[in-house]
Number of protein chains: 2
Amino acid sequence: MPIQPQIIPNLSVDCVVFGFDFDTKSLNVLLTKRYLECDVNQKVLIDDFVLTGYHVLENEDIDQTATRVLKELTGLDNLYKKQFKVFGNPNRLMNEKDRIWAQKENFNERTITIAYYFLLQASEVSLNDTKREAHWFPVNNLPVMGFDHLDIITDAYNDIKIKVLTEQIMFDLMPIKFTLNELQSAYEIILDVTLDNRNFRKKVLTKPYIVPLQDKKKVGTAKKPSQLYMFSKDVYFKLTEKDAIISTII
Amino acid sequence: MPIQPQIIPNLSVDCVVFGFDFDTKSLNVLLTKRYLECDVNQKVLIDDFVLTGYHVLENEDIDQTATRVLKELTGLDNLYKKQFKVFGNPNRLMNEKDRIWAQKENFNERTITIAYYFLLQASEVSLNDTKREAHWFPVNNLPVMGFDHLDIITDAYNDIKIKVLTEQIMFDLMPIKFTLNELQSAYEIILDVTLDNRNFRKKVLTKPYIVPLQDKKKVGTAKKPSQLYMFSKDVYFKLTEKDAIISTII
DNA sequence: GCAAAAGTGTTCTCAGTACACCCATGA
DNA sequence: TCATGGGTGTACTGAGAACACTTTTGC
């Protein structure tokens with residue numbers, strides 16, 4: 001890639017893309033492959049995974065950088081995004097592999113990265129579309145990773161676990177129409193808890209912003225069709241802030 | 001101020017210092033004066049307030065920068081600090097006064113700032129000590145401010161209001177020994193709510209990490225002396241995370 | 001003895017929790 | 001008709017909320 005004249009060489013944005021996968025029932029992270037062979041003897045120098053990121057451009061707000069990176073990676077726009085932490089340790093790119101890579105890619109060795117996470121459903125992204133070799137990995141079973149990206153993912157995941165209890169970010173991980181059992185699964189997997197189905201339903205149904213779609217039912221492979229619901233942001237944002245804060249799960 | 005060769009010219013840290021003042025019963029922010037006269041006609045060009053900040057040094061972690069800035073401003077160390085957001089809008093230093101100031105201080109016009117907030121009691125800081133002209137202002141009654149610093153304070157304050165409900169950051173704003181009525185006042189002022197005194201006491205006293213100091217009482221100007229309490233971090237951190245998350249006020 | 005702040009108890013309501021069986025469907 | 005996942009009701013417990021008076025002290 002040629003050097004872009006307008007990038008800010010010591011400032012990058014890294015994106016942790018979380019995708020919920022209802023088939024495997026897991027919370028996944030989208031990673032791209034980092035691979036390098038030695039010019040001389042073809043020995044593999046680097047073979048691991050990293051988050052997707054890019055440098056900030058001179059005339060660009062940081063949020064825009066994050067949006068741009070994600071658009072390029074997934075083709076998607078308008079997703080929930082959260083700028084959650086800056087990683088600026090002077091040694092964060094200083095191990096052997098990372099230095100080789102930084103040299104190859106013309107990074108500044110003292111690059112500070114602003115980390116974002118995004119929430120979506122894994123099924124929204126078609127991995128073939130992208131030129132980068134991107135793969136989903138369960139957040140609890142990640143591969144060997146470069147830079148400090150494992151730390152970044154860990155921090156992002158911890159932040160999400162808290163936000164799931166206090167904000168309605170869950171609905172960015174769900175399809176527009178979902179069943180209550182799907183919603184329960186999602187909570188159970190992300191928080192690593194088990195919930196009582198009857199109590200969960202009871203609680204959910206007290207929330208005015210979770211509205212049943214009376215006319216539609218979902219057909220599984222077989223079995224009883226189930227009621228679909230949707231999340232109404234309109235209703236949700238009409239509630240007082242305090243209601244939202246004090247609610248715990250859902 | 002001479003140019004320091006090792007600063008990173010496009011990266012700064014700004015510190016929002018919150019201090020709780022029990023005399024005025026207000027949550028205050030520590031600001032420093034920004035003043036400039038025209039060389040030619042002595043007309044006042046800039047006369048407002050800003051947060052305290054400084055550029056990040058080449059071999060310094062960002063947290064260290066924040067700690068260093070605060071130490072210089074207040075003489076204090078080991079305070080609760082939270083890196084809460086990055087402000088990187090390309091136009092954030094672009095209004096007239098800010099450009100004049102940036103030129104005078106040799107800033108990069110596209111400086112990205114990493115914002116921290118700190119919590120302490122206003123009485124811990126002696127404002128005379130510092131060479132900068134620093135003043136406390138109630139967070140609900142701030143003066144005219146430079147740059148985007150009003151936005152930064154607003155965001156910090158919103159973050160604190162949420163954290164007060166989910167984490168025990170309140171105790172960083174309180175003296176080591178405090179009465180229950182003082183604690184209640186602090187909650188009421190920060191969250192802008194009123195609480196029932198009997199219910200508040202009842203709830204607080206169920207918390208094992210709030211321990212009465214049996215031997216000591218506080219003497220007000222007159223009137224009945226009151227029981228002092230302290231917050232035990234030891235006890236608090238032995239409780240499960242879940243207990244901590246689910247609790248609301250206190 | 002009075003002004004000022006500290007401290008105290010009870011009742012009610014509602015939300016959370018524990019717990020086990022029937023229902024609708026497609027094969 | 002049966003295997004599979006969807007869906008339901010009740011009783012108990014504990015926390016939150018409403019509410020007004022007594023106590024201790026210095027002056």
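Numbers restart at 1 for each chain; the letters A, B, ... are given by sequence-line order, proteins then strands.
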Practice prompt. Could you list the residues that satisfy side chain to side chain donor-acceptor pair (under 3.5 Å) with B/K82, not counting sequence neighbours?
Written response: none
Worksheet item: Between D/dA17 atom C1' and B/K203 atom NZ, what is the distance in whole Å?
Response: 11 Å
Discussion item. Just to verify, what does B/F18 make a ring-ring contact (aromatic ring centres under 6.0 Å, His included) with, not counting sequence neighbours?
Written reply: none
Which side-chain N or O atoms in residues 135-143 of chain A pair as donor and acceptor under 3.5 Å with protein atoms at least two apart or in another chain?
none

Taking N or O atoms only and anything under 3.5 Å, show me the protein contacts with nucleotides 6-13 of chain D, one pair per line.
from, atom 1, to, atom 2, distance (Å)
D/dG6, OP1, A/N181, ND2, 3.2
D/dG6, OP2, A/N181, ND2, 2.6
D/dG7, OP1, A/Q227, N, 2.8
D/dG7, OP2, A/R201, NH2, 2.7
D/dG7, O5', A/R201, NH2, 3.0
D/dT10, O4, A/K202, NZ, 2.8

Response to the item:
With sequence neighbours left out, the residues meeting side chain to side chain donor-acceptor pair (under 3.5 Å) with B/Y35 are B/E37
Fill in: Those residues that, when tested against A/K233, pass side chain to side chain donor-acceptor pair (under 3.5 Å) (two or more places apart)
none
Worksheet entry | d(CD, B/Q184; P, C/dA6) in whole Å | 10 Å
